[in-house]
Amino acid sequence: MTSVANLQPDPAPLLACTISRDVQNFDLLIDEMELELGEAWGDLGFEDALVFFGQPDAAGLEFVAIAVNGADEADLATITDIIRAAKERSIKVILIADQVSPIALHQMLRLGADDFVPYPLPEGALHESIERIRKPAPAPEPAPVAAAAAAPAPAADPDAGTHPAFKAKGDRDGVVLPVHGLAGGCGASTFATNLAWELATVDKTPPRVCLIDFDFQYGSAATYLDLPRKEAVFEILTDTAHADSDTLLQAMLTFNDRLHVLTAPSDMLPLDILGPEEIGKIIDMARANFDFVVIDMPKTIVAWTETVLNRAHLYFAPLELDLRSAQNVLRLVRALKAEGLPHEKLRFVLNRAPKFTDLSAKSRVKRMAESLDISFEVQLPDGGAQVTQANDHGLPLSENAGKNPLRREIQKLAKSLFDLNKAVEAGRA
C-alpha cells in the first residue's frame with residue numbers, strides 16, 4: 001500500500017484509493033486491495049479526499065473504494081461530497097458498507113456509486129466489482145445513412161421482448177402467497193418457483209402470475225428459471241419511492257411467456273435495504289396487476305416480514321421432519337403470537353414427507369404435528385435427483401420431469417388454489 005496521507009508523489013502511478021475514517025476498521029479490504037493492485041493504491045481519510053482529488057496524482061485514478069460503517073453516518077454530508085467530486089472527475093466509485101442504515105445506503109447509491117459490496121467482503125466480491133467497473137460501455141453501432149429511413153430503430157433495451165407484454169392497468173386484486181423456509185435446504189425456493197409456474201399454467205385461460213424473489217442475498221429464482229439478473233431490479237429496489245407499476249413491469253422478466261419474475265438483484269444487498277413501506281408498495285403494485293403473487297422470502301426474519309405477513313392470504317412455511325425444523329416452528333409461532341400478528345395465516349408444508357407405506361415415519365409426522373400444535377396442510381414427497389437436475393437446467397419440474405411425484409403434488413395445490421380463488425371471485429360477483 002502506498003501512503004498518500006501527506007500527498008507525496010509516488011514513482012508508480014496510483015490506480016485506486018480507499019477512502020475511510022480509519023482503514024484499519026476494514027482489514028479485509030486492505031488484504032483484497034493489495035491482492036488486486038499490489039502497491040498501486042493508497043489510503044485517504046474523509047478530510048483528505050477532496051484535497052487529493054485536486055492533486056496531479058489523482059489524474060490516473062481508476063476508482064476509489066469508499067468504506068463506511070454505522071459510525072460514519074454522522075459524516076454523511078462529507079461522504080456524499082466525496083462521491084460527487086469523484087463522479088465529476090470520472091472516477092468510478094465502489095461503496096463498501098458495513099452495518100449502514102438503509103436510508104444512508106440509499107442516499108449514497110443515488111448519488112452515483114458505480115457498485116456496492118457488503119462488508120465483511122464475500123470471497124471474490126471485490127475482484128468481481130473491479131472487473132465490472134473496468135468493462136467499457138458498449139459503443140452503439142451507427143446505422144448506415146442510406147438505410148436509416150427504411151431500417152427500424154434498434155431496440156434500446158437488450159432484454160426487450162422478455163418483459164411482460166401487457167400494460168399496467170391496476171385492474172386486479174391478486175392473491176399474495178409468500179413462501180418462507182423454516183430451515184436451510186428445506187426446498188422453499190424450489191417450492192415457490194414450481195408453485196408459481198403451476199399457477200401460471202393451471203388452466204386453458206390461466207391467471208396472470210408473478211414470482212417475486214425477496215431474498216436479496218441468496219435468491220435463486222433466476223437460477224431455477226435460467227433468467228438473467230437485470231440492473232433494473234437494483235434500480236427499483238434503491239428508488240422505490242419513485243417507482244410505479246410500469247417501472248415494476250419493466251424490471252420483470254417473463255419465463256416461457258407465462259410467468260413474470262422479479263429476480264433478486266445481481267449483487268448481494270442487505271436485507272434491510274428496503275423498509276416495510278417500500279416492500280408494501282412493491283407488493284401492492286404487483287397485486288394490482290396480477291391474479292397471483294408468489295413471494296420467495298429470505299429465511300431471516302426482518303423488519304418487513306410483518307408487512308408481507310399482513311398482506312398475505314396464505315403464508316406457506318416449508319419444513320422437514322427433523323428437530324431443527326420443529327424448534328424453528330416453535331420460535332416463529334411464539335414470536336408471532338407475542339407481537340399479535342396473524343399466525344393463523346401460516347400453512348405448514350412438510351417437504352420430503354414419508355411414503356404412504358412407511359408407517360413408522362407417518363407416525364413420527366403425526367407426533368410432530370401434535371407436539372407443535374400445528375397441522376401439515378401440504379405434504380410433499382421427495383422428488384429425488386430430478387429436482388436438482390431441473391433446478392440446474394433452469395426449468396420447472398413440469399418441463400423437465402412432468403411425472404415426478406413432487407411436481408404432481410405442487411400441481412394439485414396450484415389447482416386447488418386456482419379453483420378456490422375462482423369460487424371466491426364468483427361469490428363476490
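Residue numbers count from 1 along this sequence. Values reported hereafter were calculated over all heavy atoms of this structure, with side chains retained and with hydrogens, waters and symmetry mates removed.
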Got a donor-acceptor contact below 3.5 angstrom from the [X] side chain to the [Y] backbone?
X	Y	value
Q217	L269	yes
S325	L321	no
N194	P396	no
R229	S266	no
K355	A361	no

Holding to side-chain contact (heavy atoms from CB on, under 4.5 Å), I want the full list of residues that pass it with [X], two or more places apart in sequence or in another chain.
X	value
D291	R172, P207, R208
E277	none
S189	S220, Y224, D296
D31	none

Contact list for [range], test salt bridge (Lys or Arg N to Asp or Glu O under 4.0 Å), sequence neighbours left out:
range	answer
residues 302-328	D284-R311, E320-R324, E320-R352, D322-R324
residues 333-351	none
residues 65-80	R21-D72
residues 378-401	none

Pair N391-T223, side-chain donor/acceptor within less than 3.5 Å: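 Result is no, nothing qualifies.
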Would a 4.5 Å heavy-atom cut-off, applied to side chains only, mark [X] and [Y] as touching?
X	Y	answer
V209	W197	no
L195	Q411	no
V68	D98	no
V176	I295	yes
L248	I236	yes
V349	E377	no
C17	D43	no
V387	L397	yes

Would you please name every residue forming a ring pair (Phe, Tyr, Trp, His ring centres under 6.0 Å) with [X], sequence neighbours left out?
X	value
F26	Y119
H260	F166, F290
F292	none

Audit row: F348, V333, side chain to side chain contact (heavy atoms under 4.5 Å, CB included) steps and yes/no: CA-CA 11 Å; F348 295 99; V333 173; 4.1 Å; yes
Set out, in order, the CA-CA distance, both residues' side-chain angles and the distance that settles salt bridge (Lys or Arg N to Asp or Glu O under 4.0 Å) for E198 and K415, then state yes or no. CA-CA 8 Å; E198 295 296 344; K415 185 69 166 63; over 6 Å; no
Spatial distance of atom [atom1] ([X]) from atom [atom2] ([Y]) [nearest 0.5 Å]:
X	Y	atom1	atom2	answer
F46	D81	CZ	CG	12.0 Å
I82	E47	CD1	CD	8.0 Å
T78	L50	OG1	CG	7.5 Å
T190	L406	OG1	CG	8.0 Å

Please step through side chain to side chain contact (heavy atoms under 4.5 Å, CB included) for the pair C210 and M252, ending with a clear verdict. CA-CA 9 Å; C210 75; M252 288 183 172; 4.0 Å; yes
Verify the neighbour count for atom [atom1] of [X]: are there more than 12 heavy atoms of other residues, nucleotides or ligands below 6.0 Å?
X	atom1	answer
Q99	CD	no
K299	NZ	yes
D373	CG	no

Ring-plane angle category for W304 and F216, please: parallel below 30°, perpendicular beyond 60°, tilted otherwise.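 Ring orientation, 0 to 90° scale: tilted.
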Derivation of the side chain to side chain contact (heavy atoms under 4.5 Å, CB included) call for V293 and L211: CA-CA 6 Å; V293 180; L211 172 63; over 6 Å; no
Stepwise side chain to side chain donor-acceptor pair (under 3.5 Å) test for E32 and H127: CA-CA 8 Å; E32 291 291 327; H127 173 76; over 6 Å; no
Side chain to side chain donor-acceptor pair (under 3.5 Å) for S363 and R367? Distances and angles first, verdict last. CA-CA 6 Å; S363 177; R367 291 199 304 271; 2.9 Å; yes
Criterion side chain to side chain contact (heavy atoms under 4.5 Å, CB included) on E128 and D267, from CA distance to verdict: CA-CA 10 Å; E128 293 173 1; D267 295 321; 5.9 Å; no
Looking at every heavy atom in both D213 and T263, which two are closest together, and how far apart are they?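 Heavy-atom minimum between the residues: CB-C, 4.0 Å.
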Expected list for residues 85-95: side-chain donor-acceptor pairs under 3.5 angstrom, two or more places apart:
{"residue": "K87", "atom": "NZ", "partner": "G112", "partner atom": "O", "Å": "3.3"}
{"residue": "K87", "atom": "NZ", "partner": "D114", "partner atom": "OD1", "Å": "3.0"}
{"residue": "K87", "atom": "NZ", "partner": "D114", "partner atom": "OD2", "Å": "2.8"}
{"residue": "R89", "atom": "NE", "partner": "F53", "partner atom": "O", "Å": "3.3"}
{"residue": "R89", "atom": "NH1", "partner": "A85", "partner atom": "O", "Å": "3.1"}

